[in-house]
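In what follows, a structure is listed as structure tokens, so that the remarks can point back to it.
Side chains are part of it too, since the values below use all heavy atoms of this structure and drop only hydrogens, waters and symmetry mates. Fair warning: this is a prediction, and the values are worked out from it, not measured in the lab. All residue numbers in this chain count up from 1 along the given sequence.
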Amino acid sequence: MHTITENIEIREVGAPVAAGSAINNNSDRIDMQDYESVVFIAPITDSVDTGVAALTIEGSDDDSDAAMAAIGDAVATVTSATNDDINGQLLIVEVREPEFRYLQGVRSSSTANIAFGSVIALLKPRRRPVADDSTVSAITRISD
């Protein structure tokens with residue numbers, strides 16, 4: 001039996017984004033060839049009344065930003081009802097057995113300012129245990 005972190009790969013795939021009302025920010029592209037599924041997690045760090053925050057997953061068989069297109073309903077969206085009400089909340093989208101080889105998460109905002117923290121990707125590989133990604137500086141596993 002393996003720990004959770006030996007069964008999934010954890011990556012930071014997008015740096016934080018300062019507040020804006022017209023954000024369109026792509027994460028790193030992920031090659032899904034050896035993975036069954038991926039969960040993209042994008043924290044909201046600041047929000048203004050009426051601001052709309054979204055995380056949309058795009059895919060392509062080409063490793064090219066220009067080739068990426070939104071994948072059906074692979075989007076999580078929330079609207080801020082009052083200043084700061086969605087601060088600290090997460091947008092999460094999971095894609096299982098994607099039809100495209102490459103995926104990326106796109107953080108966007110509209111209407112009023114939204115700021116985002118780093119995008120984290122949790123990947124379920126076809127083979128386990130997994131190797132730690134280069135974006136992980138240190139990891140400690142304890143089993144009692």
So which heavy atom on F116 is nearest to which on T45, and how close?
N-OG1, 3.7 Å
Looking at A53 and I44, what are the two nearest heavy atoms and their distance?
CB-CD1, 3.9 Å
Rounded at 0.5 Å granularity, tell me how far CD in E94 sits from CD1 in I41.
9.5 Å
Do I10 and I8 have side-chain heavy atoms sitting under 4.5 Å apart?
yes
So side-chain hydrogen bond (donor to acceptor under 3.5 Å, both in side chains) across residues 33-44, not counting sequence neighbours, yields E9-Y35, R11-Y35, Q33-R101, E36-K124
For I139, does the CD1 atom have more than 12 heavy-atom neighbours from other residues, nucleotides or ligands under 6.0 Å away?
yes
Considering non-hydrogen atoms only, spot the tightest contact between A74 and V95 and give its length.
CB-CG2, 4.5 Å
Quick one: closest heavy-atom pair of T50 and T79, and the distance?
O-CG2, 4.1 Å
How about R127: does its CZ atom have over 12 heavy atoms from other parts shown lying under 6.0 Å from it?
no
For S60 versus D62, what's the shortest heavy-atom pair and its separation?
OG-N, 2.9 Å
Given side chains that start at C-beta, do those of D31 and D63 come closer than 4.5 Å, heavy atoms only?
no
Within this structure, what is the CE-CG distance for the pair M68 and N26, rounded to the nearest 0.5 Å?
8.5 Å
Starting at CD1 of I86, measure out to CG of D46 and round the result to the nearest 0.5 Å.
9.5 Å
Would a single hydrophobic cluster contain both M32 and V13, if residues Ile, Leu, Val, Met, Phe, Trp and Tyr are joined by side-chain heavy-atom contacts under 4.5 Å?
yes
Under 4.5 Å between side-chain heavy atoms, hopping through other hydrophobics if needed: is there a path connecting V119 to L91?
yes
For I23, is there any backbone N or O sitting under 3.5 Å from a side-chain donor or acceptor partner on R107?
no
Run N87 and S47 through side chain to side chain donor-acceptor pair (under 3.5 Å) and show every step you take.
CA-CA 6 Å; N87 294 8; S47 58; 2.8 Å; yes
Is there a side-chain contact between E12 and I120 (heavy atoms, below 4.5 Å)?
yes
Side-chain heavy atoms of V39 within contact of V93, under 4.5 Å
no
Are L55 and V17 linked, directly or through other ILVMFWY residues, by side chains that come within less than 4.5 angstrom of each other?
yes
Which value, rounded to the nearest 0.5 Å, describes the distance between T56 atom OG1 and D73 atom CG?
11.0 Å
Partners passing side chain to side chain contact (heavy atoms under 4.5 Å, CB included) against V48 (at least two apart in sequence or in another chain):
N83, A112, N113
So CG of D85 and CG of D49: to nearest 0.5 Å the spacing works out to 8.0 Å
Residue R126 excluded, over 12 heavy atoms near CZ under 6.0 Å
yes
Heavy-atom nearest pair, D61 first then F100, reads OD1-CA, 3.5 Å
Non-neighbouring partners of S27 that pass side-chain hydrogen bond (donor to acceptor under 3.5 Å, both in side chains), sequence neighbours left out:
none
Do L122 and I71 belong together in a cluster built from hydrophobic side chains that touch within less than 4.5 Å?
no
Taking a hydrophobic cluster as the set of Ile, Leu, Val, Met, Phe, Trp and Tyr residues connected by side-chain heavy atoms closer than 4.5 Å, whether directly or through intermediates, do V130 and F40 fall within one such cluster?
no
